[in-house]
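Read through the structure below, which is laid out as structure tokens, and then see the notes.
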Protein chains: 2
Amino acid sequence: MGNHPRLQDRADSREGVPFLPDYVLFLLASTSAAASEEFHAEVRANGLRVPEWRVLACLSDADGQMVTRLAALSLMEQSRLTRIIDQMDARGLVERRSDAADRRRVRVFLTPAGADLARRMIDKARAHETALLDRLPGGSGRELKRLLRVVYRELCADD
Amino acid sequence: MGNHPRLQDRADSREGVPFLPDYVLFLLASTSAAASEEFHAEVRANGLRVPEWRVLACLSDADGQMVTRLAALSLMEQSRLTRIIDQMDARGLVERRSDAADRRRVRVFLTPAGADLARRMIDKARAHETALLDRLPGGSGRELKRLLRVVYRELCADD
DNA sequence: AACGAAAATATGAAATCGCATCTTTTGAAA
DNA sequence: TTTCAAAAGATGCGATTTCATATTTTCGTT
């Protein structure tokens, strides 16, 4: 057998090569954080926390969702959403109604005030998104969005 | 003037069109969450919380960073990182050394045990990333990664 | 040098979060 | 029709997180 050095022969063939800048989970999380930062500041300036804004947006798309489903869509744990709904209910933004067909279920609905606020915030979100995508070079933002739709759908399909 | 209906004439020209599935910040956050879920479970199975894993990975790329910079890279608030460093220090994963040139600064270094753990976790992360990208259809994962590099760089440039 | 503003980190206290578990309700099997 | 596992949501409580601010150190002016 020849004495060609195998990869394993050196301590680490990737010595000195940075990991994170080429790691997709880092890129996803960091890009998401960087892109959201500005708008999240606007959310807070409008008296909402990010999870509350997510709930409003989800319900605006599909009102009357179950707590567990809404938690998944809003990227938070169920027990956390329960308490966020408590607070939003107390503020008159949403209300709970128990499902007649299955009384374990609780469906969450926007109040008129919640629906108004959701509309206003969604308008702001659309404007911010347009500005964000316009500022990215050569349509890369819109191309990124297209790919994200593909990949997101694929990742959710496994569930 | 003609009586063509203008967009503003109807209450909302987007009535019934869902917002979130076409909103880039939603797609980014949700895709990031969905893609990271599996690996984050592995992180926790190895006795680390996600923020701790991020710190290890950052320091593995560039040891001895300042607290504030490390917090930004690790996607958390500075005061939170301070306490996470406390815990990781107590576990013997990292250590603080004050910067001789500017004594306000605290630099964070991996201990040998921390560096070992970082190496092992990065190996797992690389394997997981490969599997993840292979499972996405038609190279869309690798194309997404390419675009994320472009967009992330652009978003950070404004800072 | 003395001063004040700004930077880097730490910390106290209140709010929030997450895990485990509880209760209620359903569905299905025996 | 009884029983039992699973599903949906709520809750207690310890741990974490955040916000505001304190502390220490540096830097640029005067």
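Labels below follow one simple rule: chain letters A, B, ... track the order of the sequence lines, proteins then strands, and each chain is numbered from 1.
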Would you kindly give the [atom1]-to-[atom2] distance between [X] and [N], to the nearest whole Å?
| X | N | atom1 | atom2 | answer |
| --- | --- | --- | --- | --- |
| His40(B) | dC19(C) | NE2 | P | 14 Å |
| Arg105(A) | dA6(D) | CZ | C1' | 13 Å |
| Arg80(B) | dA10(C) | CZ | P | 16 Å |
| Ile85(B) | dA8(C) | CD1 | P | 15 Å |
| Asp89(B) | dA10(C) | CG | P | 10 Å |
| Arg97(A) | dG9(D) | CZ | P | 15 Å |

Would you tabulate the nitrogen or oxygen pairs shorter than 3.5 Å linking the protein to nucleotides 13-15 of chain D?
none

Can you sort out the partners of [X] under side-chain hydrogen bond (donor to acceptor under 3.5 Å, both in side chains), two or more places apart, ordered by chain and number?
| X | result |
| --- | --- |
| Arg49(B) | Glu52(B), Gln87(B) |
| Thr82(A) | Gln78(A) |
| Asp89(B) | none |

Residue list, side-chain contact (heavy atoms from CB on, under 4.5 Å) with [X], at least two apart or on another chain:
| X | answer |
| --- | --- |
| Ala33(A) | Leu75(B) |
| Glu129(B) | Tyr23(A), Val24(A), Leu133(B), Lys145(B) |
| Arg44(A) | His40(A), Val50(A) |

With sequence neighbours left out, what residues match Arg149(A) under salt bridge (charged side-chain N to carboxylate O under 4.0 Å, His left out)?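 Salt bridge (charged side-chain N to carboxylate O under 4.0 Å, His left out) check on Arg149(A) returns Asp22(B).
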My understanding is that only residues two or more places apart in sequence, or in another chain, count here; which of them pass salt bridge (charged side-chain N to carboxylate O under 4.0 Å, His left out) with Arg120(A)?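 So Arg120(A) forms no salt bridge (charged side-chain N to carboxylate O under 4.0 Å, His left out) with any residue.
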Kindly state each residue pair satisfying side chain to side chain donor-acceptor pair (under 3.5 Å) with at least one member in residues 65-76 of chain B, sequence neighbours excluded.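 Not a single pair qualifies under side chain to side chain donor-acceptor pair (under 3.5 Å).
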Residues from residues 57-79 of chain B lying under 4.0 Å of DNA chain C - heavy atoms: Met66(B), Val67(B), Thr68(B), Gln78(B), Ser79(B)
Is the backbone of Leu136(A) close enough, under 3.5 Å, to the side chain of Ser140(A) for a donor and an acceptor to pair up by distance? no
Asp61(A) side chain to Phe19(B) backbone, donor-acceptor under 3.5 Å: yes
Report the residue (Arg44(A) or Arg107(A)) whose heavy-atom-nearest nucleotide on DNA chain D is the more 5′ of the two. Arg107(A)
Is there any protein nitrogen or oxygen under 3.5 Å from a nitrogen or oxygen in nucleotides 26-29 of chain C, and what are the pairs?
| from | atom 1 | to | atom 2 | distance (Å) |
| --- | --- | --- | --- | --- |
| dT26(C) | OP1 | Arg103(A) | N | 3.1 |

